[in-house]
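Values reported hereafter were calculated over all heavy atoms of this structure, with side chains retained and with hydrogens, waters and symmetry mates removed. Not measured: the values here are computed from a predicted model. Atoms within a ligand are numbered from 1 in the order they appear, just like the ligands themselves.
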Amino acid sequence: MRQPAINQLASYQRLQQHVAQARNWQMRDLFTQSPERFPAMTVSAAGLFLDYSKNRVNGTTVTLLCDLARERGLEAQRDAMFAGEKFNNTEKRAVLHTALRAPRTLKLNIDGQDVAQDVHAVLDRMAAFTKRVHSGQWLGYTGKKISDIVNIGIGGSDLGPKMVCLGLRMFAQPGIRMHFVSNVDGHDMDATLKQVNPETTLFIVASKTFTTMETMLNANTARSWFLRSGKEKDLPKHFVAVSTNTEGVKAFGIDTENMFPFWDWVGGRYSVWSAIGLPVALAVGYENFAAFLAGAHAMDAHFRTAPMESNMPMIMGLIGLWNRNFLGLSSLTIAPYHHDLARFPAYLQQLIMESNGKTVMKDGSPVGVATCPALWGDIGTNGQHAYFQLLHQGADVIPIDFIASLKAGHALPGHQDALLANCFAQAEAFMRGKTADEVRDDLRAQKLSDADIEMLVPHRTFPGNRPSNMILMEELTPSALGALIALYEHITFVQGVLWGVNSFDQWGVELGKVLAQNIQQELTGEVMPERHDSSTNGLIARARAAK
Ligand code: G6Q
């Protein structure tokens, strides 16, 4: 398991020499010099199309990056993950979210468990349950059909299903409204309970561990609220659980008949493909959920078999690493030009930053270079009227991943062309920029005086040379969304392997789960504690006084 830090590798050092020239490249020149740049720097996979030509790379850069990945043994490590090796070393667990979307024919045995058989047994139960809810065979305690589904979960047990339910809004089943409660802040649950009726509401308590404080508190609140109308014996019709913890589910009072299990080899942020995706199946129907899994599986197949130079997750992972470690860019913006992908940046924040926001390698030694960039973003075109100013002319260069679908899911005239025009124009502007001479020519054409022109030139000049990727899909379908998420999962994997970190643990999150416990007792307890720093003591005192 001991491996050198990435910057000790010979291929890394070659890249350091290469970047000394690459830093001076202007992308607009690279395009002029090579008319073949677009066809050479585009890849198709699993229904997605990637144009990475608007990055500060040339063919040699890509070759050297692939050398680095080979020297690190990326392909062997990918195969080890798919084969079920205990890739998550600090928790001694396999990492098998890819098995959740594999066909029934998958042959994989982990510690005596026939993975495909177990996965498909749960998927079959999810299909049957979804059908019963939709057809009205599953009724609430007064005999009414379920109209509202409230998913109670946080982090990996919330972000995925919430993002996908919105992303696949166009495929929604009529008559079912979805709600997601995650925050321990009671305003979240309060606002939701005000919208639903206990007779027609189904709660899904989603927690891998079934111990997470926020989820348990929210689930108990929902239970008490329900019991103001229904009786204990009615609970099974209104509460189901998704978890790996059968005992915890029983102790909460949910019939294990109504529990949808998954396994410890599914990480929270990789779990939307498991029973954690039950809200998705309920929102859009099981067939669409199956298509979502199939889209991800198609990306898995590409990731496993495509040569590195045309392997979409590998190329994107390597270019991300180039931006971070060689060009020193410390942030990444995600810009989906599809309104229904509004939650996608938040989803990726967890996926990528929780996975690779680390500074030690698997063996505990320092990574030696910068790791995961800070990731943020929002939908286009809204972002253009907000923070894009900084992306164009701010002091930091921030790479952008544009994501768009060629066809719209609506028939409103004019909108789709306007949306795509903005998306492509922004990417072009980030790449080209605008020189002082170009600004002068424009302003002269507008008949401005020479004095006004010279005053405006510095303000209206754009440095350009700002990298971006463009990911296109035909249409935002279940299968395309599955492939898109799987793409980013594998990009995360590629970068994690290159840095040598364990992308599948989250000790920072675990810390958060215990930190608040003491202070919570102090907020509610009799005695005013004085054992913290003066700031924390002062804040606790103010909160107690406000009660
Ligand atoms: C994800 C993390 C974390 C987790 C939540 C919820 O990879 O581990 O975000 O999903 O803390 O945990 P439970 O599902 O156990 O409630």
Side-chain angles (χ1 to χ4, degrees), residues 81 87-98 100 122 150-164 180-185 188-189 203-223 239-252 254 259-280 343 345-358 372 375 485-486 488-493 495-496 501-517:
M81 175 183 71
F87 212 80
N88 172 354
N89 66 314
T90 60
E91 296 178 301
K92 298 194 172 58
R93 289 174 182 168
V95 171
L96 277 174
H97 45 281
T98 52
L100 298 167
V122 176
V150 181
N151 190 75
I152 301 176
I154 195 164
S157 302
D158 167 72
L159 288 160
K162 189 165 164 180
M163 180 272 285
V164 176
F180 291 85
V181 176
S182 53
N183 200 338
V184 75
D185 182 344
D188 193 2
M189 182 58 90
F203 291 94
I204 302 174
V205 185
S207 174
K208 180 174 168 181
T209 55
F210 231 74
T211 56
T212 304
M213 189 271 276
E214 292 92 332
T215 301
M216 292 301 105
L217 185 54
N218 277 324
N220 277 306
T221 301
R223 192 175 192 273
F239 282 81
V240 301
V242 178
S243 188
T244 59
N245 177 358
T246 311
E247 292 311 311
V249 170
K250 264 194 220 155
F252 180 83
I254 293 180
M259 167 181 165
F260 297 85
F262 61 113
W263 307 274
D264 72 357
W265 40 260
V266 183
R269 55 193 172 279
Y270 297 88
S271 65
V272 67
W273 323 101
S274 71
I276 290 289
L278 184 62
V280 177
R343 299 275 322 162
Y347 176 81
L348 289 189
Q349 279 181 325
Q350 184 195 29
L351 172 65
I352 300 178
M353 296 205 279
E354 201 169 285
S355 296
N356 287 341
K358 294 163 191 170
C372 187
L375 188 139
I485 301 170
Y488 277 94
E489 286 180 347
H490 296 322
I491 292 169
T492 306
F493 176 83
Q495 296 182 342
V501 302
N502 179 358
S503 303
F504 301 100
D505 61 10
Q506 55 283 315
W507 298 105
V509 178
E510 305 306 328
L511 173 70
K513 290 188 181 185
V514 292
L515 270 184
Q517 282 172 13

*Looking at atom 6 (C) of ligand 1, what's its closest protein heavy atom, distance included?*
I154 O, 3.2 Å

*Purely on distance, is any nitrogen or oxygen of E510 under 3.5 Å from one on ligand 1?*
no

_Ignoring hydrogens, what is the shortest heavy-atom contact between S207 and T215? Give both atom names and the distance._
CB-CG2, 4.1 Å

*Which ligand 1 atoms, with their elements, are less than 4.0 angstrom from a heavy-atom of G155?*
9 (O), 10 (O)

*Taking every non-hydrogen atom, the tightest pair across T492 and S355*: CG2-CB, 3.4 Å

_Check this for me - ligand 1, G156, N or O atoms closer than 3.5 angstrom, yes or no?_
yes

*Looking only at protein heavy atoms, which one is nearest to atom 2 (C) of ligand 1, and how far off is it?*
E354 OE2, 2.8 Å

*Give the C-alpha distance, both sets of side-chain angles, the deciding distance and a yes or no for side chain to side chain contact (heavy atoms under 4.5 Å, CB included) between M189 and I152.*
CA-CA 9 Å; M189 182 58 90; I152 301 176; 3.7 Å; yes

_Which residue and heavy atom of the protein sit nearest atom 15 (O) of ligand 1, plus the separation_ = T209 OG1, 2.6 Å

*Side chains of S271 and S274: do they bring a donor and an acceptor to under 3.5 Å?*
no

_Side chains of L100 and F262 in contact at under 4.5 Å (non-hydrogen atoms)_ = no

*Can you find a heavy atom in the side chain of Y347 that is under 4.5 Å from one in the side chain of I485?*
yes

_Cation over ring face, R223 and F252, 6.0 Å, 45°_ = yes

*Any atoms of ligand 1 less than 4.0 Å from a non-hydrogen atom of R269? List them with their elements.*
1 (C), 7 (O)

*Close approach of Q350 to ligand 1, heavy atoms, under 4.0 angstrom*: yes

_Under a 4.0 angstrom heavy-atom cut-off, which atoms of ligand 1 come close to T212?_
12 (O), 13 (P), 15 (O), 16 (O)

*Under 4.5 Å between any side-chain heavy atoms of H97 and R269, yes or no?*
no

*For ligand 1, is there an N or O atom under 3.5 Å from any N or O atom of T215?*
no

_Below a 4.0 angstrom heavy-atom separation, can you tell me which part of K208, side chain or backbone, both or neither, approaches ligand 1?_
both

